[in-house]
Amino acid sequence: MPVDRPDALPAARRPHRLSGGLPGLLAPGATTDPYRLRLYRLLRTDYPLGYDPALGAWLLSRYADVALALTDPRFTGYPHDGAPRGRAPVPLGLCRGNLVCGPLTVPWSTAAPAVERTAYVLARRIAGRERADLVADFCRWLPAGAAAAGLAHPDLRNLPRGARHRRTGGGAGDCTGTTALREHALASFLANMLDDPDLLAAATAGEAGGAGSGALLGRAWAETLRRDPPVQIVLRRTRTEVAVSGGTLPADAPVACLIGAAGRDPARFAAPDRFDPLRADADPLLIGPAGCPAALLGRLEAEHGLRALLAAMPGIRWADGFRPVAGGLLTRGPRALLVRPS
C-alpha cells in the first residue's frame, strides 16, 4: 500500500495529509459517531478526495462520487472485503456482493410466514414486561428465529449458541445466512419509527384499514437504509485513472466509498439528516440490488417485526429518559432500544 499519493491530485485541490488537517476515519471518536462529530460533513465540503494512510484507501464522501464508484465499470471489487470483480452485485445495504446471488434457503411462501410467526412470538414475550431492550430481546433474535423456517412454532431457546451470527445453510451464493447486518438494519428501522409518533400512528391506521401500510413501511425501510445504512463503507478499486469532484484517482487504487456520508449529502437529498419516508428525492441506489435475497428478507423482518410489536404493545414508547444512540463505523446500528411496552 502506498503511504500517500498527493501527486495524483491537481495542485489546486490537493488535500492535506492527516497531520495537516485531513480527518482520518480511524481517528479517536470517529468510529463511535462520524455524524455527531461532523466528520462526514467536513470530508464532503473540505476534503472530497484524500488518502487515509491508516485505512489504506482514498476516501470518497460526496454522493456523485460514491455513485460513480458503485456503478462505473472503471471501478471493480476490492478483494479484501470479499467484493466481486466485474459485473457482479456491488456489496451495499444488506447485500454482500456474492459472485452468485443465490436464492433463499427456503421459498418465500415459507419464509414470510416464518418471519411473521417469529416476530409475534418475540413481541408477546416482551409485552408483559415493564421495560425491554428491543436490540437484545427482539432484533438479535428475529433474523435467527426466521431462519428456522421449518418450525411451526419456533422455540428460540433451542437455537444453538452462535446461531444468530453464522450461516444457517445454503451454498456459496447464499447471502442470507449471516444475520448481523439485518439486526443492525432492523434496529435502525425500529428506532426511526419509534422516534416519530405520527408515523407510528399512520402505520397503525394503515393496518386497521387494510391498505397503505405496506407501502408506507416499505418506504420507511428504504429511508432507513439511506439515512442509517448498516454498512457505512464499501471498498472498491480503480481499473484506471478516474476523475472525481475532488481531483483524479490513480489507477489500481483502493477506494473507500463512504455510504454514510453520501446518503446525507445535501447536494443530493433535501434535509438529508431528517428521516422522511415520503421524501420526493428517494434514491434506490443506496439500498442495494433490488433482487438481493438478504435485502428482501430484511424488509420482511422490518415490516412483520413492527406490525407484531404494535399488535402486542399498542402503547409502546421509549423508556423514560432514553434516547437511542448508534455506534460503529464499518457497520453501524443502535446499541440499545429501551422501551416501555405499555
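Because the structure is predicted, anything quoted here is derived from the model rather than measured.
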> Evaluate the side-chain proximity of Val234 to Val66: yes if any heavy-atom separation is below 4.5 Å, no if none is.
no
> Start with the C-alpha gap between Leu39 and Leu25, add the side-chain angles, then the distance that decides, and say whether side chain to side chain contact (heavy atoms under 4.5 Å, CB included) holds.
CA-CA 8 Å; Leu39 171 63; Leu25 288 183; 3.8 Å; yes
> Look up atom SG in Cys139 and atom NE2 in His184, then write down how far apart they are to the nearest 0.5 Å.
10.5 Å
> Taking Arg237 for the side chain and Asp252 for the main chain, is one N or O donor matched with an acceptor at less than 3.5 Å?
yes
> How long is the span from the CG atom in Leu190 to the CD1 atom in Ile316, to the nearest 0.5 Å?
8.0 Å
> What's the shortest heavy-atom distance between Ala185 and Trp221, and which atoms?
CB-CH2, 3.6 Å
> Does any N or O in the side chain of Arg226 come within less than 3.5 Å of the main-chain N or O of Ala282, such that one atom is a donor and the other an acceptor?
no
> Which atoms form the tightest heavy-atom contact between Met193 and Phe275, and what is the distance?
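Where Met193 meets Phe275 most closely, the heavy atoms are SD-CE2, 4.4 Å.
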> For a side chain to side chain contact (heavy atoms under 4.5 Å, CB included) check, start with the C-alpha distance between Leu329 and Ile233, then their side-chain angles and the critical distance, and finish with the verdict.
CA-CA 8 Å; Leu329 180 65; Ile233 300 175; 4.2 Å; yes
> Which pair of non-hydrogen atoms, one from Cys257 and one from Leu70, has the smallest distance, and what is that distance?
SG-CD2, 4.5 Å
> So does Pro341 get a backbone contact from the side chain of Arg129, meaning a donor-acceptor N/O pair under 3.5 Å?
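No, Arg129 side chain to Pro341 backbone: no donor-acceptor pair under 3.5 Å.
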> Is the backbone N or O of Leu59 less than 3.5 Å from a side-chain atom of Asp52, with the two atoms forming a donor-acceptor pair by type?
no
> To the nearest 0.5 Å, what is the distance between CG on Leu337 and CG on Asp195?
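It comes to 9.5 Å.
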> Just by modelled atom types, is the Ala215 backbone N or O under 3.5 Å from a matching donor or acceptor in the Arg219 side chain?
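No, Arg219 side chain to Ala215 backbone: no donor-acceptor pair under 3.5 Å.
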> Of the non-hydrogen atoms in Pro230 and Leu225, which two are nearest, and what is the gap between them?
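Result for this residue pair: CD-CD2, 3.7 Å.
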> What pair of heavy atoms forms the shortest contact from Ser61 to Leu258, and how long is it?
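Distance-wise, the nearest heavy atoms are CB-CD1, 4.0 Å.
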> Between Arg264 and Tyr40, is NZ or CZ placed under 6.0 angstrom from the six-membered ring centre and within 45° of the ring axis?
no
> Could you tell me whether a side-chain N or O of Arg279 sits under 3.5 Å from a main-chain N or O of Arg274, the two making a donor and an acceptor?
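Yes, the answer is positive, given that a donor and an acceptor are paired below the 3.5 Å cut-off.
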> Backbone N or O of Asp273 within a donor-acceptor pair of the Arg227 side chain at under 3.5 Å?
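Yes, the answer is positive, given that a donor and an acceptor are paired below the 3.5 Å cut-off.
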> Could you grab the distance from atom CD of Glu223 to atom CD1 of Ile287, nearest 0.5 Å is fine?
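Going from CD on Glu223 over to CD1 on Ile287, the span is 9.0 Å.
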> Would you compute the distance between atom CZ of Arg236 and atom OG1 of Thr76 and round it to the nearest 0.5 angstrom?
6.0 Å
> Do you know the tightest heavy-atom contact between Leu300 and Val115?
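The pair with the smallest heavy-atom distance is O-CG1, 3.7 Å.
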> Taking a hydrophobic cluster as the set of Ile, Leu, Val, Met, Phe, Trp and Tyr residues connected by side-chain heavy atoms closer than 4.5 Å, whether directly or through intermediates, do Val325 and Val339 fall within one such cluster?
no
> Under the 3.5 angstrom rule, does the side chain of Asp65 hit a backbone N or O of Ser245 as a donor-acceptor pair?
yes
> Any chance you could measure His304, atom NE2, to Leu186, atom CG, to the nearest 0.5 Å?
12.5 Å
> Do any N or O atoms from the side chain of Arg62 and from the backbone of Gly246 form a donor-acceptor pair under 3.5 angstrom?
no
